[in-house]
Amino acid sequence: MTTISQTAGRSLRPSSSGFFATLATAAYALFDRLERRSAIKTLNELDDRALRDIGINRSQIEDAVYGQFKAELSRYL
C-alpha cells in the first residue's frame, strides 16, 4: 500500500534535467540548425529580383531566417 501512495503523486514525464531530455533538446537544436541552413541556402540561390519580391535584400537573408529582420525599419534605409 505504501508503494502505491508514494508513486501516485509522481509525474510520468521525465525530469527536465535528465539524459533523455538533454538528448531531445540537442536533437531539436540540430534539426533546427539544419533547417535554417537549408533556408539560407535556398534564399541565396534566388536572384535579387525574387528577393526584392519577398521584401528582403541579399544582406538581410540570415537575419530574416533567424527572425531578427525588422521590415518596418528597412523602409527607411
Side-chain angles (χ1 to χ4, degrees):
M1 187 71 155
T2 57
T3 305
I4 294 173
S5 64
Q6 288 176 352
T7 59
R10 292 185 187 169
S11 173
L12 296 177
R13 294 179 59 203
S15 66
S16 62
S17 62
F19 173 74
F20 291 110
T22 304
L23 185 62
T25 301
Y28 177 76
L30 175 65
F31 289 127
D32 187 49
R33 172 86 171 143
L34 292 174
E35 186 176 1
R36 288 177 192 265
R37 284 180 56 192
S38 175
I40 290 170
K41 181 181 176 189
T42 301
L43 288 171
N44 275 322
E45 291 172 352
L46 296 176
D47 62 349
D48 290 334
R49 183 177 178 200
L51 288 173
R52 215 175 21 242
D53 285 345
I54 61 174
I56 62 173
N57 59 36
R58 199 157 297 282
S59 66
Q60 297 169 324
I61 289 175
E62 287 191 29
D63 290 339
V65 169
Y66 285 99
Q68 300 168 349
F69 178 67
K70 304 291 185 206
E72 62 274 2
L73 295 178
S74 68
R75 286 187 231 154
Y76 303 108
L77 298 179

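Because only heavy atoms are used, hydrogens play no part in the values below, and waters and symmetry mates are left out as well, while side chains stay in.
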Point to revise | side-chain contact (heavy atoms from CB on, under 4.5 Å) between Asn57 and Asp48, worked out | key: CA-CA 7 Å; Asn57 59 36; Asp48 290 334; over 6 Å; no
**Study point:** Counterpart residues, side-chain contact (heavy atoms from CB on, under 4.5 Å), relative to Leu30 (two or more places apart)
**Key:**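 Counting only residues at least two positions away or on another chain, Leu30 forms a side-chain contact (heavy atoms from CB on, under 4.5 Å) with Leu34.
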**Study point:** side chain to side chain donor-acceptor pair (under 3.5 Å) partners of Asp53, counting only residues at least two apart
**Key:**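 None.
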Practice item. Verify side-chain contact (heavy atoms from CB on, under 4.5 Å) between Leu51 and Ile61, making sure each step is shown before the conclusion. Key: CA-CA 9 Å; Leu51 288 173; Ile61 289 175; 4.0 Å; yes
Check your understanding: What pair of heavy atoms forms the shortest contact from Val65 to Leu43, and how long is it?
Key ->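 Between these two residues, the closest heavy atoms are CG2-CD1, 3.7 Å.
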Check your understanding: Looking at Asp47 and Arg58, what are the two nearest heavy atoms and their distance?
Key ->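 Closest approach of Asp47 to Arg58, heavy atoms only: C-NH2, 3.7 Å.
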Exercise for review: Scan for side chain to side chain donor-acceptor pair (under 3.5 Å) pairs involving residues 25-44, sequence neighbours excluded, and state none if there are none.
Suggested key: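 Counting only pairs at least two positions apart or across chains, the side chain to side chain donor-acceptor pair (under 3.5 Å) contacts touching residues 25-44 are Asp32-Arg36, Arg33-Tyr66.
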